[in-house]
Amino acid sequence: MTFTFRPVDPLNDARLLHSWVTHPKAAFWMMQDARLEDVERAYMEIAADDHHHALFGLRGGEPVFLMEKYDPAHRELVGLYEALPGDVGMHFLTPATDTPEHGFTRAVISAVMAHLFEDPAVERVVVEPDVRNTAVHALNAAVGFVPEREIDKPEKRALLSFCTRERFEKAVTA
C-alpha cells in the first residue's frame, strides 16, 4: 500500500476528524465526548504549535488515517523521561470501518515510521500508548518498538516505548 501525507487543515478537516476521534473504536484517543468545536480547537492548537504536527495519511488522495508527531522534549512527555536529540513522539489513528482490510493498520504504522525516519535528524521514535491498548502494543512491537517502562501521564497510565531507525529497518525487512 502506498500512502502520501498532507497537513491537517483544522477548519476544513474538522468534520472528518470529529467522526474518527469520537467513534467508540477510537476510545484510546480520549475524545469520545468532543464536540465539533472541540476538535477544531484542538487541531487549531496543534497547527499553531511548532513542536506538534498533525498529518493525514492519504491513499489515492483521500484521508485514510491520522498521524501526529511531536517533540517529546517540549510536548506530551516533558519531565517523564529524558528526551535525547533525535527523539520524535508519534500517535496514529486508523478510523473505524465497515469493510476492514487485512494488513491495513500494519501498513499504516509502517508508513508512519518510514515517514518519520525520512528526516535524517530522527534517531528514535517514542510512543506512550495506554497500557490497556494491547492491540497497539502488538503493532508497535511488529515495527521494532521496545517497551521501557510504564509511566503515569495526567490522562492515562502509559507504556513508554522506543524504536530506533535500526530496529525499524530490521523489523520491516525481516
Side-chain angles (χ1 to χ4, degrees), residues 3-23 25-59 61-95 105 108-131 133 136 139-140 143 145 148 150-165 168:
F3 302 107
T4 57
F5 295 85
R6 77 158 170 85
V8 166
D9 177 337
L11 295 177
N12 289 324
D13 296 328
R15 283 200 189 289
L16 178 61
L17 284 170
H18 183 262
S19 71
W20 289 7
V21 301
T22 59
H23 190 279
K25 178 188 180 279
F28 290 114
W29 209 255
M30 294 176 287
M31 293 186 82
Q32 297 292 273
D33 299 322
R35 298 168 304 154
L36 179 61
E37 302 79 33
D38 299 328
V39 173
E40 283 178 355
R41 187 176 315 107
Y43 284 90
M44 285 173 69
E45 288 173 8
I46 291 171
D49 189 332
D50 290 338
H51 301 289
H52 195 167
H53 307 281
L55 304 167
F56 273 127
L58 310 174
R59 183 163 61 173
E62 295 300 314
V64 292
F65 66 88
L66 174 66
M67 75 167 281
E68 293 181 14
K69 60 182 178 176
Y70 64 90
D71 181 343
H74 297 277
R75 301 290 173 267
E76 294 276 341
L77 293 168
V78 176
L80 296 173
Y81 92 105
E82 179 126 3
L84 300 177
D87 280 359
V88 65
M90 177 272 287
H91 301 130
F92 78 98
L93 176 67
T94 56
T105 308
V108 165
I109 192 172
S110 297
V112 165
M113 295 293 288
H115 180 74
L116 293 171
F117 283 126
E118 283 175 4
D119 180 345
V122 173
E123 296 291 331
R124 185 169 74 157
V125 179
V126 183
V127 293
E128 25 65 49
D130 191 295
V131 295
N133 193 346
V136 86
L139 282 166
N140 287 344
V143 295
F145 278 94
E148 182 176 282
E150 291 184 8
I151 58 173
D152 289 312
K153 295 185 69 193
E155 72 281 9
K156 66 185 177 186
R157 182 126 178 107
L159 183 62
L160 182 66
S161 303
F162 300 93
C163 182
T164 62
R165 181 184 304 274
F168 171 65

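For clarity, every value in this text was computed on a predicted model and none was experimentally measured.
- The two residues Asn140 and Pro129 come nearest to each other via the heavy atoms ND2-CG, 3.9 Å.
- With a 6.0 Å radius and a threshold of 12 heavy atoms from other residues, nucleotides or ligands, Glu82 has its CD atom at or below the threshold.
- A side-chain contact (heavy atoms from CB on, under 4.5 Å) with Phe117 is found for one member of Arg165, Arg124, Glu123 and no other, namely Arg165.
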_Using side chain to side chain contact (heavy atoms under 4.5 Å, CB included), reason through Glu68 and Leu93 one step at a time and then give a plain yes or no._
CA-CA 9 Å; Glu68 293 181 14; Leu93 176 67; over 6 Å; no
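- Under the 3.5 Å distance criterion, the side-chain polar atoms of Gln32 are matched with a main-chain donor or acceptor of His23.
- Phe5 and Phe65 have their aromatic ring centers within a separation under 6.0 angstrom.
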#### Entry: Intermediate values then yes/no, side chain to side chain contact (heavy atoms under 4.5 Å, CB included), Thr105 and Phe92
CA-CA 10 Å; Thr105 308; Phe92 78 98; 3.9 Å; yes
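- Val112 has its side chain out of reach of Phe3: every pair of non-hydrogen atoms, C-beta onward, lies at least 4.5 Å apart.
- At least one donor-acceptor pair closer than 3.5 Å links the side chain of Lys156 to the backbone N or O of Glu128.
- Minimum interatomic distance between Met67 and Leu116 (heavy atoms only, all atoms of both residues): CE-CD2, 3.7 Å.
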Could you go step by step and tell me if Glu76 and Val126 meet the side chain to side chain contact (heavy atoms under 4.5 Å, CB included) rule?
CA-CA 11 Å; Glu76 294 276 341; Val126 183; over 6 Å; no
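- Residues Phe145 and Leu139 form no side-chain contact, since every pair of their non-hydrogen atoms from C-beta on lies 4.5 Å or further apart.
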Inset, instruction - Verify side chain to side chain contact (heavy atoms under 4.5 Å, CB included) between Tyr43 and Asp13, making sure each step is shown before the conclusion. - result: CA-CA 9 Å; Tyr43 284 90; Asp13 296 328; over 6 Å; no
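- When all heavy atoms of Leu36 and Arg15 are compared, the pair lying nearest together is CD2-NH1, 3.2 Å.
- Between Leu77 and Tyr70 there is a side-chain heavy-atom pair separated by less than 4.5 Å.
- Side-chain contact between Phe162 and Leu84 is absent, with no heavy-atom pair separated by less than 4.5 Å.
- Judged by distance alone, with hydrogens and angles left aside, the side-chain atoms of His18 form a donor-acceptor pair with the main-chain N or O of Ala34 at under 3.5 Å.
- When every heavy atom of Trp20 is checked against every heavy atom of Leu66, the shortest pair comes out as CZ3-N, 3.7 Å.
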